[in-house]
Amino acid sequence: MKAFDYHRPAAVGEAAALLATLADSRPLAGGMTLLPTLKLRLAEAPALIDLSRLSEARGIKQDGDALAVGAMTCHADVAASPLAKALIPGLAQLAGSIGDPAVRNRGTIGGSLANNDPSADYPAAVLALGAVIVTSRREIPADDYFVGLFETALEPDEIILAVRLPVPRAAGYAKLRNPASRFPTVGVFVADTSAGVRVAANGFALGVARLPEFESALANHFAPDAVAGIHVDAEAFSSDIHAEAAYKAHLVGVMARRAVSTALELRGPP
Amino acid sequence: MGKAIGIGAAPLRKEDFRFLTGRGNYVSDLKRPDMSYGVFVRSPHAHALLTGIDASAALAAPGVLAVLTGADVAADDLGGLPCGWGITDKSGEPMKEPAFPLLAQGKVRFVGDMVAFVVAETLEQAHDAAELVAVGYDALPAVVGVLDAVRDGAPLLFDDVPGNLCADWELGDRAATDLAFTRAAHVARLSLVNNRLIGNPMEPRAAVAEYNAGTGHYTLYSTSQFPHVVRFLMSALVLKVPEQKVRVVAPDVGGGFGVKQFHYGEEAVVTWAARKVGQPIKWVADRSEGFVSDRHGRDHVTEAELALDETGRFLGFRVATLANMGGYLSTFGPNIPTNLYAPLLSGVYVMPQIYCNVKVVFTNTVPVDAYRGAGRPEATFLVERMVDVAAAEMGIDRVEIRRRNMIPREAFPYQTPVLLQYDSGDPGGCLDRALVAADVAGFGARKAASARSGKFRGLGFSTYIEACGLAPSRFAGRLGARGGLYESATVRVHPTGQVTVLIGTHNHGQGHETTFAQIVSEKLGVAFEDVDIVFGDTDKVQFGMGTYGSRSLVVGGAALSKASDKVVAKGRKIAAHLLEAGEADIAFEAGVFKVAGTDRGRTFAEIAGAAYVPHNYPLEILEPGLEEQAYYDPVNFTYPGGAHICEVEVDPETGTVTIVGYTGVDDVGTVINPMIVEGQLHGGIVQGIGQALCESAVYDESSGQLLSGSFMDYCMPRADTSPHMSVATHSTLCTHTPMGVKGCGEVGTIGSPAAVINAVVDALSHLGVTHVDMPATSNRIWRVIQNAALPRAAE
Ligand SMILES: Cc1cc2nc3c(=O)[nH]c(=O)nc-3n(C[C@H](O)[C@H](O)[C@H](O)COP(=O)(O)OP(=O)(O)OC[C@H]3O[C@@H](n4cnc5c(N)ncnc54)[C@H](O)[C@@H]3O)c2cc1C
């Protein structure tokens, strides 16, 4: 790791100003992704702006008919939050399934969304729930936020402060882990929301995406069998040493069915 | 007052206090005055000509003390890394043995090959400067797989090694085996791959070296499983400096699994550079560096045929294996897929004829050498898969075919057709017990229950034997070993009666400090806590060959047992003098020398005191002091073995294999500490499960880049995917080791892969699946199911 300057501003404005003025500086959240890349010299950052003192980026609250999660909230806190478990149990469950305990206690929802790893868990939930990403400048609907592989709508000096997730009628997540990295090979999040059924999957070559065919099938009938026969095109996936594209495409169907079952279980009897 | 804790007891491990409280002392913990830091520049190419190295920018960088390259190695006339085994081609010619230079000479042969060494005052300066070393490469086509490497027109690693063939080696009677096939009622055939593995001990390799210009002494601290061997190889053959001026210390070492039982170029370069720079140097591999420089394991491609008579009795076994050596010969490299593989092909069976041909092949990959089990897991996997294939084809129950062919207990000692004479064993007894422990009788009901929830359940058996306790030197010498394989131990009794043991094996997780103390406590009757075990320092310990091949207890423990006996013999003489009795009348029991049949006696501590304060002592006939040394060279290998039964459930939707039951009944001979044996079995089994289900070193076929070069892509077995294991021992005593011990370090790794894969194949057998290669990842199993389902769908 090369030497870098370290800043820990207390105000959002100050943090944004540092990012805007210090060339190639980067926000630092849990550091679970950023620090290893610096250590391996895969990236260089002359300055890191630690976001841990920004009070706007903390806490889990109910905000009208949505759950608001501060960007600096670590995965373990979402998993353990009584509020999250009560309002969107599928989200709490997802958070509790990320990586390992060390990662869950450092890694943050803001860091995960800013990074937009095609295999990350949170993006599927955020997109399927139709969440809003609240930043230092604006509010970005999830449908506009995820641009591509490790790419988002964020400007370089824009900071995620919170994520506002509308409370769904039912939601569930299912994934198959890559046994080495433990990131999902494919994960599917289904949500029965006031804006209709939304389904999103990670693991695509270009990152998280919605699954319209699954959405309409489930809109008709929110049950595992409803999505049974849907064909998923392998073209949208890339093969790697762990999984071939055809397998990943197949897994979308399997995980969608399992996610619906989970959503129904978590919702409980009507 | 402590008490004696002897053989068969299970005290907690002595060494764990320091490990669990963070007081271990590892190479990377060391700090020496004026210590500088070294970083290796490694080849990013799998195969390339070196067109030049410009170190000027690196040398001008802040804090840089030296940049050493292959030219400096050549100028100082340093030797290459020696290979400790020379095998012989079937033509009678010695194997091809190209030089393995410390730093590349003209060419690089794998990604990770060492090109330069940068030394600077701080680690960051060394890293920065390493990025400034300008190395010119002219990339050449690379070859990574054995099948490609032996093809006509394949890129050649060495100009003088045609066909990339190190040796075309054979064992067994070819003609007699061919004849057996002509009499066969059935011939079963199997092609398989034994996947390449990376050991990944928790502690990466590291070295700290310093040179004392006043005395001309070198000291190397290294993460080594065998410091004396490193001292010999490095001083005599690589650096060409007097052996007595070199001290090698292997302090606490965080796991080895074989990865640390070789003499590595880094050790020699750091030591050499410490003298050139005039300051101590520390090098610590990071994990990424370990992936491309720690010696890899396994990597075979095999075709085999088993001839059987109409009753399912084995008549002959014909095996052709291509074994990957990587880019150069490592310390034991060519020995592993030959001498430690083919002689195990008889398994636990009466296998009247065996012929095995092994082509040992160079490729543009990390050199391959011993990894826990080393050759024997490869042999066992092949034999035990082959037996299942034959059973399925002939419609014979898998347990029944094993029983029909198994060497019965009363047939030991048993001479196989491939060199080995098994001295003892009871494979049938192990199997009987395992069948009960695994509740094989209840399997049908469990399978039906799985089927009701849409899962396929399978049961797999592996009845195996291995050869360990390396090794009888004379025998090994005939097979090409260039060193001895004895072990040595000194038992140093202090005037207080407390004991220091100096032993040539190395403890890096196996619990030797406990096991060896139990042996001494048993033999001398001294308290368990009054025995300390010293190892890993060539200036303290006389000599030794180190720890690998399940040899520490078998060979080192035997030396320790003999040295302890010598202490007792001398103590008896001293006691006879003090008690004014004949030596023959002195009995030694529970730590007291007594005149037999009387209550007159002297404690062990009193005798020790008399030996060092020889006021009343037979100085005319006996030297003072109470310290004895023994060297031990075994007369045969030892042959642990056993029966493993694995039960799996396969989710056909995802292809995921879950191990739902695992039972091992192993014959490891005398058990010194059952808790430690159980731990070794657990660890070994999990390592075997790792090979069977998830681990695999994958190279890109065209670029020769290691694709599984981090834990993001190389899948280690984890606690949460490891099954509950039921392990038990069913021991027959080794007939030739002093305590009847056989060794237990590798059995788990050797027995388990076949048990797991046999279970997976069983679970899928209703689809017509007859073989699955390792690792049985969910994608691979899903693919196997898809392919099996295709013709059915067409029906
Ligand atoms: C071993 C391991 C296993 C993992 N397994 C999983 C898994 O199974 N599933 C999964 O989804 N993830 C997994 N992760 C990723 C982890 O959960 C984190 O989500 C991820 O590392 C990013 O979060 P972080 O807080 O650590 O961000 P950092 O590493 O601190 O930052 C990541 C990037 O985001 C930027 N950034 C951070 N916060 C903000 C912000 N508020 N606004 C703008 N930009 C910001 C940083 O500048 C940087 O570019 C794993 C990570 C590791 C190390």
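Worth saying up front: this structure is predicted, and the values here are computed from it rather than measured. Order of the sequence lines sets the chain letters (A, B, ...), proteins ahead of strands, with each chain counted from 1.
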State whether Asp720(B) and Arg182(A) are salt-bridged, where the test is any N-O pair (Lys NZ or Arg NE/NH1/NH2 against Asp/Glu carboxylate O) under 4.0 Å.
yes

So what's closer than 4.5 Å to chain A heavy atoms on Glu131(B): side chain, backbone, both or neither?
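Just its side chain gets close to chain A.
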
Checking Ser288(B) against chain A: side chain, backbone, both or neither under 4.5 Å from a heavy atom?
side chain

Do any of [range] have a heavy atom less than 4.5 Å from a heavy atom of chain B, and if so, which, in residue order?
range	result
residues 172-180 of chain A	Leu176(A), Asn178(A), Pro179(A), Ala180(A)
residues 32-46 of chain A	Leu40(A), Arg41(A)
residues 243-262 of chain A	Ala243(A), Glu244(A), Ala246(A), Tyr247(A), His250(A), Leu251(A), Val254(A), Met255(A), Arg257(A), Arg258(A)

Heavy atom to heavy atom, less than 4.5 Å: which residues from residues 702-714 of chain B reach chain A?
Leu707(B), Ser708(B), Phe711(B), Met712(B), Asp713(B), Tyr714(B)

Scored by heavy-atom pairs under 4.5 Å with chain A, the best of Gly655(B), Cys694(B), Ser778(B) is Ser778(B)

Pick from Thr777(B), Asp128(B), Val698(B), Leu123(B) with the largest number of heavy-atom pairs that fall under 4.5 Å of chain A
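Of the candidates given, the most pairs with chain A belong to Asp128(B).
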
Looking at NE2 of His127(B) and NZ of Lys2(A), how far apart are the two atoms once the value is rounded to the nearest 0.5 Å?
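The distance works out to 11.0 Å.
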
